[in-house]
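The structure displayed is predicted, hence computed values, not measured ones.
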Amino acid sequence: MSVLPPVRRDRIVAELPQCFKKEACLHTKDSFHSKVTNACKQQRTGTVGFKISKVIVVGDLSVGKTCMINRFCKDVFDKNYKATIGVDFEMERFEVLGVPFSLQLWDTAGQERFKCIASTYYRGAQAIIIAFDLSDISSLEHTKQWLQDALKENDPSSVLLFLVGSKKDLISPSQYALMERDAIKVAKEMQAEYWSVSSLTGENVKEFFFRVASLTFESSVLAELEKTNARKIGEVVRITSNDNNLYLSTRKNKSKCCQ
Ligand SMILES: Nc1nc2c(ncn2[C@@H]2O[C@H](COP(=O)(O)OP(=O)(O)OP(=O)(O)O)[C@@H](O)[C@H]2O)c(=O)[nH]1
Ligand SMILES: [Mg+2]
């Protein structure tokens with residue numbers, strides 16, 4: 001019997017949420033990978049439903065990391081700045097293609113003096129969200145350094161990257177267009193998926209986190225299937241080697257030879 005409360009009805013994902021900009025996204029497919037859909041239908045997702053996936057949010061001080069997480073998790077917005085000291089985290093439970101999926105969102109401090117504490121929590125992330133302020137170009141310029149630091153503690157080949165511009169409500173459409181052009185360029189260089197949001201109005205916040213959850217889920221299931229396949233291949237070799245086959249005779253011959 002599960003001791004966890006049921007997943008909120010507005011955290012249920014039945015279809016892959018689409019990317020924000022086709023020019024800078026992790027993949028442009030319309031739906032989940034067929035291997036993932038089949039595994040979910042057949043309840044072959046292994047430990048994915050029991051594990052908690054870690055997502056870290058990094059970026060300059062005051063770019064709006066905490067507000068973004070609070071808008072998504074609690075649907076609140078605080079206009080007063082309260083610096084995050086070290087780290088904080090929120091848990092969000094989803095149900096993706098019928099499988100329970102938990103995300104742990106780690107909100108890290110952007111202030112230099114807390115960076116040392118915060119960076120000790122970077123390890124083991126399945127996704128990294130690098131945040132910048134759309135009204136402050138220098139925060140975009142610093143994103144590469146944030147990424148570099150976060151990647152030191154993680155496997156660059158498997159971690160999913162998201163570059164997200166915040167405070168969209170503060171700039172005009174023409175300023176936004178210029179900023180977006182630069183941000184997409186940076187996202188492409190990083191091989192990250194680009195999004196822009198406003199925590200004040202809530203624009204794109206839910207869509208963004210749903211996309212993060214869905215792509216993290218997809219990659220967790222694919223990794224789990226790969227692990228299962230690797231185990232199966234091992235088993236096939238073991239089973240066939242019990243049979244009277246070439247491997248066995250080779251081994252027998254070998255052992256005779258050594259006697
Ligand atoms: N207008 C507007 N202001 C925002 C938005 N997001 C955050 N802010 C404001 O920006 C300031 C900083 O927001 P935080 O979320 O605390 O920033 P942070 O990145 O967590 O900062 P650190 O914890 O120091 O790293 C606060 O005063 C927020 O109210 C937004 O979408 N629009
Ligand atoms: Mg904060």
Ignoring hydrogens and angles, write down the donor-acceptor pairs under 3.5 Å from the side chains of residues 185-192, residues two or more places apart or on other chains.
from, atom 1, to, atom 2, distance (Å)
Glu189, OE1, Lys144, NZ, 2.7

By ring pair (Phe, Tyr, Trp, His ring centres under 6.0 Å), Phe72 pairs with (sequence neighbours left out) Phe209
Hits for ring pair (Phe, Tyr, Trp, His ring centres under 6.0 Å) against Phe114, two or more places apart or cross-chain, chain-then-number order -> none
Who passes side chain to side chain donor-acceptor pair (under 3.5 Å) against [X], sequence neighbours left out?
X: Ser53; result: Gln126
X: Thr37; result: none
X: Gln145; result: Asp149
X: Ser198; result: Asp169, Thr201

Not counting sequence neighbours, which residues clear side-chain contact (heavy atoms from CB on, under 4.5 Å) with [X]? List them please.
X: Asp30; value: Gln18
X: Asp133; value: Val63, Ser135, Asp136, Ser139, Ser166, Lys167
X: Ser172; value: Ser174, Gln175

Item to complete: Kindly state whether the ring of Tyr194 and the ring of Phe162 have centres lying under 6.0 angstrom apart.
Response: no
*May I ask you to test the Phe101-Ser220 pair for a side-chain heavy-atom distance under 4.5 Å?*
yes
Residues 199-219 vs salt bridge (charged side-chain N to carboxylate O under 4.0 Å, His left out), sequence neighbours excluded, gives Lys168-Glu203, Glu193-Arg211
Taking only Lys NZ, Arg NE, NH1 and NH2, and the carboxylate oxygens of Asp or Glu, determine whether Glu224 and Arg44 approach each other closer than 4.0 Å. no
Check: Do NZ/NE/NH1/NH2 and the carboxylate oxygens of Arg11 and Glu95 come within less than 4.0 Å?
Finding: no
Test side-chain contact (heavy atoms from CB on, under 4.5 Å), reference Phe217, set Val212, Val48, Leu16, Leu222, output is Val48
In short, ring-ring contact (aromatic ring centres under 6.0 Å, His included) pairs touching residues 28-50 with sequence neighbours left out are none
**Report entry** Asn154 (side chain) donor-acceptor with Ala150 (main chain) under 3.5 angstrom
**Finding:** yes
